[in-house]
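Reading through the structure tokens given below for one structure.
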Amino acid sequence: MATTRGGSGPDPGSRGFLLLSFSVVLAGLCVGNSVERKIYIPLNKTAPCVRLLNATHQIGCQSSISGDTGVIHVVEKEEDLKWVLTDGPNPPYMVLLEGKLFTRDVMEKLKGTTSRIAGLAVTLAKPNSTSSFSPSVQCPNDGFGIYSNSYGPEFAHCKKTLWNELGNGLAYEDFSFPIFLLEDENETKVIKQCYQDHNLGQNGSAPSFPLCAMQLFSHMHAVISTATCMRRSFIQSTFSINPEIVCDPLSDYNVWSMLKPINTSVGLEPDVRVVVAATRLDSRSFFWNVAPGAESAVASFVTQLAAAEALHKAPDVTTLSRNVMFVFFQGETFDYIGSSRMVYDMENGKFPVRLENIDSFVELGQVALRTSLDLWMHTDPMSQKNESVKNQVEDLLATLEKSGAGVPEVVLRRLAQSQALPPSSLQRFLRARNISGVVLADHSGSFHNRYYQSIYDTAENINVTYPEWQSPEEDLNFVTDTAKALANVATVLARALYELAGGTNFSSSIQADPQTVTRLLYGFLVRANNSWFQSILKHDLRSYLDDRPLQHYIAVSSPTNTTYVVQYALANLTGKATNLTREQCQDPSKVPNESKDLYEYSWVQGPWNSNRTERLPQCVRSTVRLARALSPAFELSQWSSTEYSTWAESRWKDIQARIFLIASKELEFITLIVGFSTLVFSLIVTYCINAKADVLFVAPREPGAVSY
């Protein structure tokens, strides 16, 4: 008997095996995400501590490349640390630390036992009237101001005054484990509930598995110093098709404007005199991009914005003998990035105003926490050894005192000439040229700010609060006591600038608007997404505003949200709405009597119409411009410079936090062995089936294929 089989083709056993494998892979792709969701609970509202670098070292935090995992232990009092540091049987631990315990003493203990610490998650504390927390150093920007061992050594390194006396320096330490801030109270409750359900033993005994654990991802690419990371990035960029940049210099833009328009294409003649009004835009904290900066930055630049508006309303500003330049510096927290760049550009003819054009310099420091009517006038004792500069400073102080005389809520106070300047942008200008300058501040010695450069320097820190029953729109227009106080300071500043610019006739009529101040405070410190901020921005920038306060960290992607909003707020307050169409606004060179060299033109969303159904866009013409705030050290490739700021930020691939349950090491080992055994057994069975496929999978006989 003979049989005839089907034609040649894939072996039936192989075909079945391939189909089975494809089905398994497809099923894995379909259910992988759902399995992950069942295992992990992501923490979406967190802020990491990241790595920053300068010419000499690195600061900040990072995780291992695959993230760090540890059993959660809640530390609510210092005694709870003993379990983490010595007693706990299941290290490494992921410490959930109460915000009030986030101190240098506690962090030193944790830093000293890194083998038992996987990472740290910090909750937000509730500050009270007696608490304080400043992770900055006691002598901010030391070594980059005017004082050094060779110039004013008696004032160098804050020898006479520790400006930030409460500073613990945590933000300038290097930690080998990840540290995250938990910003959402609900997520914190979920973590604590997981801890209570799984990690608390009975009667003091060790807890049984499974245990609640946390995993933090924040691996940083840059190491050692700015010089090292920039050199590695440079080599990558030069020789690699797909370069991997490991760090970026901190940079943004300064915002500046002139009282009277100038031709920016040619600059000023040497005999043109300019009065400079300056302040800073940025702040920082221990955690990345959490920088509310209410007292350290916002109050001062809001005050200057209000002063600029008040001065522009004076009837005779176009006839003043001197011009006034308003400057908002970015990056001053990091060794004066913005001011050092502007001085560098002025010296090298890259900025329309030169150093020799500066007649006097008035800077706003921290001004929101006045404990009395006093506003202190800080000057530099070293430059005043020059008799000419000393006389100019005397005239400057006298003008300020005269301007303050008409505002009884503000009393200008002088300090002894033996007192150094506090950390300020003025110091960078004095390094380049002796000019008459003053820094106005609410403190005579150490800062009044108990939360300098911390996560708690919020609206509440400067007493900006609102009645609970009001709507957001009512809060926007509610004039707080802080707004009134800052408006008084803005009035003094505006009147002083008017007189310094040569004005005499309308000084007493110049008045800052508390409504402007309160709107600015609300927008920057409470809710950026409000009707006024939306009306002054371009349509394509509206996504920059959300329902939270703006953060004022300089970062590496620029301009930042703060820079944009300050730019457009200053344009709105000092500029003029024109009748130009959108096309003309975008290209005013085709319009008679309009010039891009004299003005900047912005097509903004505008206010709502009377029915609040649509906005009325308009073209705003102003003298507000942006100037690069990138340290000259990076322009000159001097990455180890001691003259200029060298701060850079490491790049990273992923920032992530999540919690889940983990089994004991023994169970994990048994699971591994069983799984591996199952895999080997499956391979053996599959091999045997495939080898005997011609016997096990016989094709059915076809009718008529049998012959006799």
Side-chain angles (χ1 to χ4, degrees), residues 145-146 253-262 264 267-281 300-301 303-308 310-312 317 320-332 336-347 350-365 367 377-380 383 389 392-393 395-397 399-400 403 421-441 489-490 492-503 566 570 574 623-627 629:
I146 186 175
Y253 287 86
N254 298 324
V255 181
W256 66 283
S257 73
M258 303 298 295
L259 181 63
K260 296 184 289 185
I262 62 172
T264 57
L268 297 180
E269 295 295 328
D271 59 339
V272 177
R273 311 303 292 164
V274 174
V275 179
V276 177
T279 191
R280 66 172 58 190
L281 283 180
S300 55
F301 72 67
T303 302
Q304 183 157 297
L305 285 168
L311 182 57
H312 273 76
V317 290
L320 298 177
S321 58
R322 301 181 187 90
N323 210 337
V324 178
M325 181 170 75
F326 293 94
V327 190
F328 301 80
F329 290 116
Q330 265 285 13
E332 297 302 273
Y336 306 117
I337 292 174
S339 56
S340 63
R341 177 54 185 265
M342 182 165 283
V343 170
Y344 174 81
D345 287 344
M346 286 180 170
E347 290 178 318
K350 298 179 179 180
F351 193 78
V353 179
R354 305 291 185 92
L355 284 173
E356 54 265 29
N357 294 126
I358 298 177
D359 182 78
S360 53
F361 195 107
V362 182
E363 181 173 353
L364 282 180
V367 294
M377 299 183 291
H378 296 260
T379 58
D380 169 46
S383 59
V389 173
Q392 292 173 13
V393 171
D395 293 340
L396 174 57
L397 298 182
T399 301
L400 282 163
S403 302
L421 276 174
S424 53
S425 307
L426 174 59
Q427 292 201 32
R428 291 302 303 192
F429 283 80
L430 288 171
R431 278 179 74 133
R433 184 183 179 89
N434 274 351
I435 57 177
S436 63
V438 63
V439 177
L440 302 178
V489 176
V492 172
L493 176 61
R495 291 180 181 181
L497 294 173
Y498 175 77
E499 294 192 17
L500 290 170
V566 169
L570 183 59
T574 63
T623 61
V624 181
R625 301 177 186 274
L626 299 180

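Just so we're clear, the structure is a prediction, and the values are computed from it rather than from any experiment.
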* **Residues which pass side-chain hydrogen bond (donor to acceptor under 3.5 Å, both in side chains) with N254, listed by chain and number, not counting sequence neighbours** => none

* To do: For residues V566 and L281, determine if any side-chain heavy atom of one lies less than 4.5 Å from a side-chain heavy atom of the other.
  => yes

* Could you tell me the separation between the CD atom of Q304 and the CD atom of E363, rounded to the nearest 0.5 Å? => 9.0 Å

* Atom OH of Y336 and atom OG of S425: how far apart are they, to the nearest 0.5 Å? -> 7.5 Å

* Asked: What distance separates I262 CD1 from T623 OG1, expressed to the nearest 0.5 Å?
  -> 8.5 Å

* To do: Please say which of T379, I435, V275, V362 ends up in a side chain to side chain contact (heavy atoms under 4.5 Å, CB included) with L396.
  => V362

* Which residues share a salt bridge (charged side-chain N to carboxylate O under 4.0 Å, His left out) with D359, sequence neighbours left out -> R273, R322

* Nearest heavy-atom pair of K260 and V317: which atoms, and what distance? -> CD-O, 3.4 Å

* Asked: Considering only heavy atoms from C-beta outward, does the side chain of M258 approach that of V274 to under 4.5 Å?
  -> yes

* What pair of heavy atoms forms the shortest contact from T399 to A496, and how long is it? -> CG2-O, 3.9 Å

* **Which residues share a side-chain contact (heavy atoms from CB on, under 4.5 Å) with H378, sequence neighbours left out** => W163, W376, L415, Q419, L421, P422, V439, A441, H443

* To do: Give, for atom CE of M346 and atom CZ of F429, the distance between the pair rounded to the nearest 0.5 Å.
  => 4.5 Å

* Do you know the tightest heavy-atom contact between A307 and L493? -> CB-CD2, 3.7 Å

* **Test item: T279 side-chain N/O and L364 main-chain N/O as donor-acceptor pair under 3.5 Å** => yes

* Asked: In chain order, what residues pass the side-chain hydrogen bond (donor to acceptor under 3.5 Å, both in side chains) check against Y498, with sequence neighbours excluded?
  -> D316

* For S339, enumerate each residue passing the side-chain hydrogen bond (donor to acceptor under 3.5 Å, both in side chains) test, keeping only those at least two apart in sequence or located in another chain. => E332

* About how many Å separate CD of E499 and CG of L400, when rounded to the nearest 0.5 Å? -> 9.5 Å

* Asked: Rounded to the nearest 0.5 Å, how far apart are CE of M377 and CG of L397?
  -> 4.5 Å

* To do: Give the minimum heavy-atom separation between V393 and G437, together with the two atoms involved.
  => CG2-N, 4.2 Å

* For Y344, enumerate each residue passing the ring pair (Phe, Tyr, Trp, His ring centres under 6.0 Å) test, keeping only those at least two apart in sequence or located in another chain. => none

* To do: Apply side-chain contact (heavy atoms from CB on, under 4.5 Å) to E356 and R433, showing your working.
  => CA-CA 8 Å; E356 54 265 29; R433 184 183 179 89; 3.9 Å; yes

* To do: For the residue pair F301 and F328, categorise the inter-ring angle as parallel (less than 30°), tilted (30 to 60°) or perpendicular (more than 60°).
  => perpendicular

* Tell me, do I337 and F329 make a side-chain contact under 4.5 Å, heavy atoms counted? -> no

* Nearest heavy-atom pair of R431 and G145: which atoms, and what distance? -> NH1-O, 2.7 Å

* Note, W256 side chain near V624 side chain (heavy atom, < 4.5 Å) -> no

